[in-house]
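Because only heavy atoms are used, hydrogens play no part in the values below, and waters and symmetry mates are left out as well, while side chains stay in. Everything numeric here is computed off the predicted structure, so don't read it as measured data.
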Amino acid sequence: MVNGHDVLRRENDLTWRKEIVPRVFQIVSTRISLPQRDLITLLLTSPWLNQALVSCSSLWQVLDFHEESNAGDRLIRALKLPRYHHVRHINLEFGRIEDEHLHLLKNKRSESLQDLETLNLNVCQKISDKGIQAVTSVCPNLKSFSIYWNVRVTDLGIKKLSQNCRHLVNLNLSGCQSITDVGLNSIADNYPELEVLNLTRCTKLTDDGLQQILLKCSKLQSLNLYALSRFTDEAYKKIALLPNLKFLDLCGAQNLSDQGLSCIAECKNLTDLNLTWCVRVTDVGVEAIAQGCSSLEFLRIF
């Protein structure tokens, strides 16, 4: 015979599992960034927890398939789910993804990418200009785009990017060795609000392209020119046009002289400067930096 105490206990237990636990997990999950795999595991715990977490849209704004051998296929499947229809950040770094996957996104999942803000395609070396054109055509609100170490991307891909995504503030083209001044001109013409630009080892660039960036992207806060030896003081002097610049990497700037460095010293907000292997710089240039860049925290001159 079931007594009233047992009934009450069971009702409380059901309330706990059906209402309290899901609510607690919902609160905790929105305040602690849980890995995607852990979130998906929680969905299997109970139908009530599943419903609570799936209905919380802020939990499903990130898709992380970095280093996944089937990243492209998993991305297509994930974006089919309603909970990912407002995804904001996608990380595919070192993942296996090809142009065909990006074309599928354009043709079948475009509505899921309207709110996308960050796209990381670092070392996805099977992506070409065609893939970039396809995916960026359905990401109008993209703010950060990274395609580190991709030798297949050319000026055409950068042109399509700049036409499709007009709100970019963070761009990483490190190691994209096929990009020339033509691509830089597209960036300069379309991104006056750009804050972060990484051109590491983009070895085909010249003074002309860099000067367009420095003249038109005056809000840059971080500029990475690592391992670029072709630039001269003609371009370096114009770095002084960046009043908000905080980070500057000039490692390997073999043509940078004290004269060019003295102009860079006008960047009063500079906090991090790399002058490694700048072999023409002497005490004169370093003294100019010491006097002009009073906010400097890190200086590399070895």
Side-chain angles (χ1 to χ4, degrees), residues 146-151 153-155 157-159 162 170-192 194-289 292-293 296 298-302:
S146 184
I147 192 161
Y148 164 83
W149 203 252
N150 185 314
V151 296
V153 173
T154 71
D155 295 329
I158 301 307
K159 181 178 180 180
S162 60
N170 188 323
L171 179 57
N172 183 357
L173 300 177
S174 174
C176 296
Q177 297 182 353
S178 297
I179 294 174
T180 72
D181 289 346
V182 174
L184 279 196
N185 288 336
S186 295
I187 295 170
D189 290 339
N190 290 283
Y191 296 127
L194 195 65
E195 297 177 1
V196 178
L197 179 61
N198 190 334
L199 299 175
T200 294
R201 299 188 189 279
C202 294
T203 52
K204 292 184 178 181
L205 304 179
T206 72
D207 280 356
D208 291 338
L210 180 58
Q211 287 183 87
Q212 289 302 305
I213 292 290
L214 300 175
L215 288 168
K216 298 179 181 180
C217 301
S218 60
K219 295 188 178 181
L220 275 172
Q221 297 180 24
S222 175
L223 180 60
N224 198 326
L225 303 177
Y226 182 96
L228 297 175
S229 59
R230 296 181 65 182
F231 299 139
T232 71
D233 278 346
E234 283 300 308
Y236 293 132
K237 288 177 182 178
K238 290 184 171 57
I239 293 177
L241 299 174
L242 306 178
N244 301 313
L245 193 65
K246 296 180 179 179
F247 174 90
L248 178 61
D249 194 332
L250 296 174
C251 177
Q254 297 180 13
N255 297 318
L256 175 66
S257 73
D258 291 332
Q259 187 177 11
L261 196 55
S262 296
C263 294
I264 293 173
E266 296 178 24
C267 298
K268 305 298 182 182
N269 292 311
L270 202 62
T271 61
D272 192 324
L273 176 61
N274 188 359
L275 298 177
T276 303
W277 289 107
C278 296
V279 293
R280 295 184 60 193
V281 169
T282 73
D283 290 347
V284 174
V286 176
E287 287 178 1
I289 290 293
C293 302
L296 204 64
F298 299 98
L299 176 63
R300 301 163 182 80
I301 53 175
F302 58 87

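The shortest non-hydrogen separation linking I179 to L173 is CD1-CD1, 3.8 Å. Closest of all the heavy-atom pairs between K237 and Q259 is NZ-NE2, 3.3 Å.
Note that the CG atom of D283 and the CD1 atom of I301 stand 8.5 Å from one another [nearest 0.5 Å]. Taken from CG in D233 to CG in D258, the straight-line distance is 9.0 Å, to the nearest 0.5 Å. Note: I187 CD1 to K216 NZ = 12.0 Å, rounded to the nearest 0.5 Å. Going from atom OG of S222 over to atom CG of D249 covers 9.0 Å, rounded to the nearest 0.5 Å. In this structure, OH in Y191 is found 11.5 Å from CG in L197, a value given to the nearest 0.5 Å.
Among residues two or more places apart in sequence or in another chain, the side-chain contact (heavy atoms from CB on, under 4.5 Å) test is passed with N198 by N172, S174, T200, N224. D208 meets the salt bridge (charged side-chain N to carboxylate O under 4.0 Å, His left out) test with no other residue; sequence neighbours excluded.
Within a 6.0 Å radius of NZ in K268, more than 12 heavy atoms belonging to other residues, nucleotides or ligands are found. The environment of F247 atom CZ is dense: over 12 non-hydrogen atoms of other residues, nucleotides or ligands sit within 6.0 angstrom.
Residues R300 and D272 are paired through a salt bridge, judged by an N-O separation under 4.0 Å between the basic side chain and the carboxylate.
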